[in-house]
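Down below is the structure, laid out as structure tokens.
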Amino acid sequence: MNSQQHISILGSGNIGLSLAKGLVKSGICKPQQISLTRRNVAALSQYAEQGYLVSDNNLRAVRKADIIVLAVLPQQLNKLLDEIKPSLKPDKQLLISVISGVSCADIRQHLDLNVQIVRAMPNTAIAIGHSMTCIATDNGTNKNINMAKSLFDTVGVTIQINEELMTSATALCACGIAFFLRSIRAASQGGTEIGFHAHDALKMAAQTAKGAADLLLQLASHPEQEIDKVTSPSGCTIAGLNEMEHHGFSSAMIKGIRLSAEKAGDLYKKDS
């Protein structure tokens, strides 16, 4: 973004606010270049003090924006689109949607405008700058795709995928945060059962999970390759792994991801 551009985030909840803070922290833009909207505008008072433009008026926020981030719940989207349509300038503005289960075509069809739309699916690790964000579009120019990627690169890692995979990305990355958190919780409970205090067991489990993830990311390794390094014949690690598999550990994770993907595809009702 250049110093003359403005971004409006409509629906400034956890995702929207984390993005705004990431943009400012990275130096891509200043608080004065970001409008934040929310029905309960009082909840944004601290951001107003920091120089962000805060409002409960989406129409006004859209008028001054070069980039518009749609960050409301799926069931609120159609009402929001109807509200902001009079202020949209399709030839000058980019819409970025972080709304689960809503395609670019869905938004264009409801607006009946040929707007440039890029979808982004971050996860809640955006709050600490470690989101895995998937980017997709059906009509966005390379310039606008790169713009969206540069915005979300400030709060983690981005990857561009085909739009038909965005619902799957919701399950694997956005819902996936909860799946990995639950596995860490289970590991910490196991640690407590074998003798550690709960807070120590949680710290040990979380750091071990972080180390496992970093092994794969930093070494570009495969999970089984790293597992082989810690399993020995007739050893305690392989005994524990096999016991978990006998009780459906991998199968349960796979089934959970598949079901979340199915549910994610049904969040948005086009006629609502």
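Both Leu36 and Ile67 are members of a single hydrophobic cluster when ILVMFWY side chains are connected at heavy-atom separations under 4.5 Å. Using a 4.5 Å cut-off between side-chain heavy atoms of Ile, Leu, Val, Met, Phe, Trp and Tyr, with links allowed through other members, Val115 and Val102 fall into the same hydrophobic cluster.
For residues 44-53, the set of pairs meeting the side chain to side chain donor-acceptor pair (under 3.5 Å) definition, not counting sequence neighbours, is empty.
Between Arg63 and Arg60 there is a side-chain heavy-atom pair separated by less than 4.5 Å. The shortest side-chain heavy-atom distance between Phe179 and Ile257 falls under the 4.5 Å cut-off. You'll find the side chain of Ile7 stays beyond 4.5 Å of the side chain of Ile96, heavy atoms only. Looking at Phe249 and Leu241, their side chains never come closer than 4.5 Å, going by heavy atoms from C-beta outward. Residues Arg185 and Arg182 meet the side-chain proximity criterion, which asks for heavy atoms closer than 4.5 Å. Under the 4.5 Å side-chain criterion, counting only non-hydrogen atoms from C-beta, Ile84 is in contact with Leu70. For the pair Pro122 and Val155, the minimum side-chain heavy-atom distance is 4.5 Å or more. Under the 4.5 Å side-chain criterion, counting only non-hydrogen atoms from C-beta, Leu80 is in contact with Leu10.
Proximity of a side-chain donor or acceptor of Thr237 to a complementary backbone N or O of Val230 within less than 3.5 Å is detected.
Side-chain polar atoms of His197 and Thr192 form no donor-acceptor pair below 3.5 angstrom. Between Asn123 and His130, the side chains place no donor N or O within less than 3.5 Å of an acceptor N or O (distance only, hydrogens not considered).
Remark: Gln5 pairs with Met1, Asn2, Asp66, Met147 by the side chain to side chain contact (heavy atoms under 4.5 Å, CB included) rule, at least two apart or across chains.
Residue Asn14 places its CG atom among 12 or fewer non-hydrogen atoms of other residues, nucleotides or ligands, all under 6.0 Å distant. By the 6.0 Å contact criterion, CD1 on Ile159 is open, its count of non-hydrogen atoms from other residues, nucleotides or ligands being 12 or less.
Under the 4.0 Å criterion applied to side-chain N and carboxylate O atoms, Asp138 and Arg108 are assigned as salt-bridge partners.
When each of Val62, Val69, Leu111 is tested with Leu95 by the rule side-chain contact (heavy atoms from CB on, under 4.5 Å), just one qualifies, namely Leu111.
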